[in-house]
Participant: 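What follows is a structure written as structure tokens; I'll ask about it next.
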Amino acid sequence: MPLDTSTYDLALLRVDGRRWNELRRLHAQIRTQAAADGSSYLEMGNTKVMCVITGPSEDAGKRRGLAASAATAPGGSSAADVAVSIVVGGVQFCGSEEEGQGRQLQPPSVGARSSFRLFKVERIQELQATIAKALAANLHVHLYPRSTIGISLHVLSQDGSLLAALINAATLALVDAGVPMTDYLVACTAGSTSTHSAGDEGADPLVDLNTQEEQELPFLTLGTLGATDKVAVLVCETRVQVSRLEGMMASAADACKGVRNFLDQVVREKGHKMVTEGAVEKGASMAMDIDI
Amino acid sequence: MTSLKRSVDTDPFASNLSSKVYVRSTKNGKVQKIVREVYLRQDIPCSSRLCSKCIATAPRSAAGNVSPFVLSDKPAGTKAFPQGHYLVPDTNALLNAMDLFEQGSAFFDVVILQTVLEELRNRSLPLYNRLIGLTKSQEKRFYVFFNEFRLETYVNREVDESINDRNDRAVRHAVKWYNDHLGQTKSKDVPVTVMLSDDRGNLEKAKQDKVPAIRLRDYVSGLKDAERLLDMIAESQERVASKEKKAEFLYPEYFSLSKMMTGVKSGMLHQGIFNVSPYNYLEGSIKVPAFPKPLLILGRDNINRSVDGDVVVVEVLPQDQWKEPSTKIIEEEAITKNENADNDEDAADVVTEKERRALQEQVKKTQGLTTEGRPQPTAKVVGVIKRNWRQYVGHVDPSTVSQTARQGRKQESVFLIPMDKKIPKIRIRTRQAGELLGKRILVTIDSWDREHRNPVGHFVRSLGELETKAAETEALLLEYDVQYRPFPKTVLDCLPSEGHDWKVPTSTDDPGWKDREDLRGLLICSIDPIGCQDIDDALHARPLPNGNYEVGVHIADVSHFVKPANAMDTEASIRGTTVYLVDKRIDMLPMLLGTDLCSLKPYVERYAFSVLWELSPSADIVDVRFTKSVIKSREAFSYEQAQLRIDDASQQDDLTAGMRTLLMLSKKLKQKRMDAGALSLSSPEVKVQMESETSDPIDVKTKELLDTNSLVEEFMLLANISVARKIYDAFPQTAILRRHGAPPKTNFDELANQLKVKRGLELRFDSSKALADSLDACADTSEPFFNTLVRIMATRCMMSAEYFCAGTQSYPEFRHYGLASEIYTHFTSPIRRYADLVAHRQLAAAIDYEAMHPAVRARGRLEAVCKNINVRHRNAQLAGRASVAYYVGQSLKGRVAEEDAFVMRIFSNGFVVLVPPLRHRGPHPPARPRRPGARERLRRRELHPAPLRRLRRAVELFQKVRVRIRDVKDEATGKRGAKMELVAPAA
Ligand SMILES: [Zn+2]
């Protein structure tokens, strides 16, 4: 087995050879499934996820079945639902987020036992709710009354920073689906190079953690709107001294800028390619302007 | 449709990205494949002060700091490398000779490769930790070079290449890179980067590739202090050459791990910890879960290279090989070459499965019957799961040192005789045998192969002349693994900055006063042995208007000063307990706390943790509460002073009245405990370990003669029990408690049987009450010591008490057999026992004084703490006893004494006697801060076999005999010991 995170101090190198402020290799593709309304594929290191968007669609039948209680809620019908489901190792978990309301969850479908032991049902449901809430706030859902935007996320392989990867993939796929949004919603994790109990105040922050780092170190997931410092998501489930939090959040925000630039580049390249291949007429209305 | 291509192919950085695949087996035996990314980079510096290239790209921490370069620009050289060198050891070099690398005189400017560090971590965590320690030392200049992350030094594993070969290649490649890289500097005298290895193949390949490399042994030979240093290289590597000679095997081969595991699972083999009999080094036993009694393991072949404490797997031997436990006392150094005659066991494995099953049944059946004269099931070791080897203290057997070696510098093998009789002689190779003679030395065991009769080890360091105080003291501290180094600065930094000037804040608004009760008005006093400095308990009592009494036990508030998980806490948790030697005390906490800030000294205000009861006049608990407090002790009494004051009728002040109340109540409490069946294994003249649950060695001096001793003891017990209940209520899973298991009935079989046969006395042991009563009845009017003897022998049948975490046992198992209490913990001595400190923190949380720190809450961590302090506690006792034994031995030196003694155990060639408290005539041990107990002055010694053969029939168990004790130094082995001769069966 390799060394653990305690060797960082020896040469300021993380367990996989990165420096504290380096992201893992990012790779993304947009419109991976032509038949879907929107789709994407994203890798952050060995964390690999896929996203497929359905809608926005006025699917009355499904809607009634899904959100019977939502109809009575005030303003429930004035905006689109964001329904997020996450598939891990072939088991699907569904949840939806009503604009301005609490979450509603469907029980997970009974299927083969997940081979991803790490994922408890509750854990998945939390992820779904977090993503749905963050996206619902960023998307212009009021443009689609009585509609549902279905976001189906598939975890193909998991090596840390899963929530961040899911959010980034969903953003890409939503761009592909042409759903208007305020800005890219991008996310990244940040941790601290020494454990909580070490009480080392001078510990370096570090970004984009892999599984081993997540298991050994305190960390948080931060989502920002585009390159701004506007925080849209902040999840921290480990113990960490308050004094270290600021450094961690600042480095996560910086990392989010990097992720945002990367996603933007993916979108632009795809757009450029579509134009040059003639898939889209030049000047046709697209939700983005393309620098050629 | 876009295809999801493998993204790496298109990625421009792909060439700098690699992945490593690890295979890990999980707890449930499944195999998991783990793929790790590795980012290769070019900005990992060589860290040589000669290099100007790397400094430009050197990494910065988040705060912008660059780590200074480590390797000297003018490193030391040797004859072979006059221009200076950087050393790059491979993994084996570190495994075999870590002691060398830690030397202060050589081995500077060392590059530790990541490849090597990872391998070392997998092979030996302790060595890895020692190496990490070295990299932090500034003088040694060790630099960890992450070669696996640097693009130029990363090496891909080739098809058909073993991981070891790949790693060796990675090491050579990195050494080559270093030389090329440093060659580019402008400097004239570029040091050579040299690989240190003991692997022949690796060295040869290095030669082919023109990579500078040298054999570790050759390198060391070129150093100044070569002879001394050469001894520190582990013996194991030397074997490579000798193995080719095809030595004959002396021991049976071990089973493969999978064969052992399958066997254990199916119940045909058994796993347990191997223990050596204290009387016979060729007799071992192993307790396994399947059988009620331990299995015997007899003889060298069956013991098959196990060392006391190893976790081994055994196979039960066929019934015709079952034997009675040895009736002989056999000491290793007494046996000469006789055992050379190897009884070749024919390993014909023709026993069928069915027969083996029947055998397991037979074991159970036989063990169910009494042991008297019946062959007991025996077993042989078929493999070792985990070695429990540590460093051993001993001395060189002079008889194994040749005359030439005494003068010359010839390397030769000598035997080391360990201090611990249970450890076999260790063969070490040395060139300095002559100098090591007559010294206490520290060695480690490296290996024990089939072709060696004894384990093979190497010399670590010399502690000094045999029988000198310094050397012997250090020896026993090492032997019992007592952490005796001075507290490091990180620990001392945790102390209050005011030092001895620290005071309880005068303003009650100070945060220190938060939630503290002001008990300064109470008439509190402490009662301790004369000269006690670390006073951790104080008491008070006063009448209440309703006719009841308020009684308070106030304990030093150590947890106020020792915060969880800081350096001081960590150090204390490792030390576990304060260790008392005859002339030395090794503190668990720094002196400032122990003897001043936490000590409940009189006339000054101190923080305390108080237990306050309302007791009825018959000493029943009406109410109990707990609070952090501030107290001011009115007086610190010695036991004698307190007794005088109580007895002095003219003293009519409130403080004395309170003490009389305490005394009155303590007598009632004691009576209640006795009625409940608490064991008193002591007698007026001898204090035995068992009943001194709260006492510290200081108490022993007065030997329970005064009521005031028992006064303190009773209230400490009461406080411990009350606290135990409270923390268990609050934290049923994690409360730290202390239990004392009921002894298995079979433990008493032998003693009860003998008492009946020899004296017609009945020993009942169905409950602690029954045992206590029947022990009282075991008296001989003509011989008052007889009762004590029986108590001491009964004590040997007992289990030892242990700390545990409440969640690990069911409630009935909590019971403290000796104290006849349902539940018990340690709360009253937080200055010198870590368990008490944990209990303090838990109690503070239980009364909502402060939040529970995760370290005190996490069950796994607490279990580890319990395990450690149980071991430390035991070791501290053993070290204390060994220390007394050393002084007694010294005071006996060269003298002959005749004493009365009592027979405790009979062997066919000797017997064991107990010599009641020995009055040393002649020089007393030097002034001691702590007096050892009388019990510790008891001596038991094996009689010399020779004169006994004639007298054997005349001696029987419990008998009083007259023995002559002589101090003898065995000139052959250099070992000193008391030899006894039977003078006459006493009238
Ligand atoms: Zn360099």
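The structure presented is a predicted model; accordingly, all values stated were derived computationally and were not measured.
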Participant: Measure the spacing between CZ of B:Phe149 and CZ of A:Arg19 and express it to the nearest 0.5 Å.
Facilitator: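 Going from CZ on B:Phe149 over to CZ on A:Arg19, the span is 10.5 Å.
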
Participant: Is B:Arg150 close to chain A through its backbone or its side chain, or both, or neither, when contacts mean heavy atoms under 4.5 Å?
Facilitator: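 B:Arg150 has no heavy atom closer than 4.5 Å to chain A.
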
Participant: Chain A heavy atoms under 4.5 Å from B:Asp43: which part of the residue, side chain, backbone, both or neither?
Facilitator: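 Contact with chain A involves both backbone and side-chain atoms of B:Asp43.
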
Participant: Starting at CD of B:Glu37, measure out to OG1 of A:Thr47 and round the result to the nearest 0.5 Å.
Facilitator: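 It is 8.0 Å, given to the nearest 0.5 Å.
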
Participant: Verify side chain to side chain contact (heavy atoms under 4.5 Å, CB included) between A:Thr7 and B:Gln114, making sure each step is shown before the conclusion.
Facilitator: CA-CA 10 Å; A:Thr7 55; B:Gln114 180 187 5; over 6 Å; no

Participant: Please confirm whether the backbone N or O of B:Tyr39 pairs with a side-chain atom of A:Arg18, one donor and one acceptor, at under 3.5 Å?
Facilitator: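 Absent.
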
Participant: What pair of heavy atoms forms the shortest contact from A:Ala11 to B:Val144, and how long is it?
Facilitator: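 Taking A:Ala11 first and B:Val144 second, the nearest heavy atoms are CB-O, 4.4 Å.
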
Participant: Give a yes or no on whether B:Lys563 atom NZ has more than 12 heavy-atom contacts from other residues, nucleotides or ligands under 6.0 Å away.
Facilitator: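 Yes.
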
Participant: Less than 4.5 Å to any heavy atom of chain B: does that hold for the side chain of A:Arg24, its backbone, both, or neither?
Facilitator: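 When you check distances to chain B, atoms from both the backbone and side chain of A:Arg24 fall under 4.5 Å.
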
Participant: Taking side chain as everything from C-beta outward and backbone as N, CA, C, O, which of these in B:Ile132 sits under 4.5 Å from a heavy atom of chain A? Side chain, backbone, both or neither.
Facilitator: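 Contact with chain A: side chain only.
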
Participant: Could you look at B:Phe145 and say if it's the side chain, the backbone, both or neither that has a heavy atom under 4.5 Å from chain A?
Facilitator: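 It is neither, since no heavy atom gets under 4.5 Å.
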
Participant: What is the minimum heavy-atom distance between A:Pro205 and B:Ala62, and which atoms define it?
Facilitator: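 Minimum heavy-atom contact is CD-CB, 3.4 Å.
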
Participant: Side chains of B:Thr135 and A:Leu10: closer than 4.5 Å at any heavy-atom pair?
Facilitator: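 Counting from C-beta outward, B:Thr135 and A:Leu10 do come under 4.5 Å.
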
Participant: Please output the side-chain donor-acceptor pairs of residues 160-178 of chain A that fall under 3.5 Å, not counting sequence neighbours, one pair per line with the distance.
Facilitator:
residue, atom, partner, partner atom, Å
A:Ser161, OG, A:Thr189, OG1, 2.6
A:Ser161, OG, A:Asp208, OD1, 3.4
A:Ser161, OG, A:Leu209, N, 3.3
A:Ser161, OG, A:Leu209, O, 2.8
A:Asn168, OD1, A:Ala187, N, 2.8
A:Asn168, ND2, A:Ala164, O, 3.1
A:Asn168, ND2, A:Ala187, O, 3.1
A:Thr171, OG1, A:Ile167, O, 3.1
A:Thr171, OG1, A:Leu185, O, 2.6
A:Asp176, OD1, A:Arg31, NE, 2.9
A:Asp176, OD1, A:Arg31, NH2, 2.9
A:Asp176, OD2, A:Ser39, N, 2.8

Participant: Taking ring pair (Phe, Tyr, Trp, His ring centres under 6.0 Å) as the test, write out the residues that go with A:Phe219, two or more places apart.
Facilitator: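 Testing A:Phe219 for ring pair (Phe, Tyr, Trp, His ring centres under 6.0 Å), a comparison that skips the adjacent residues, returns none.
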
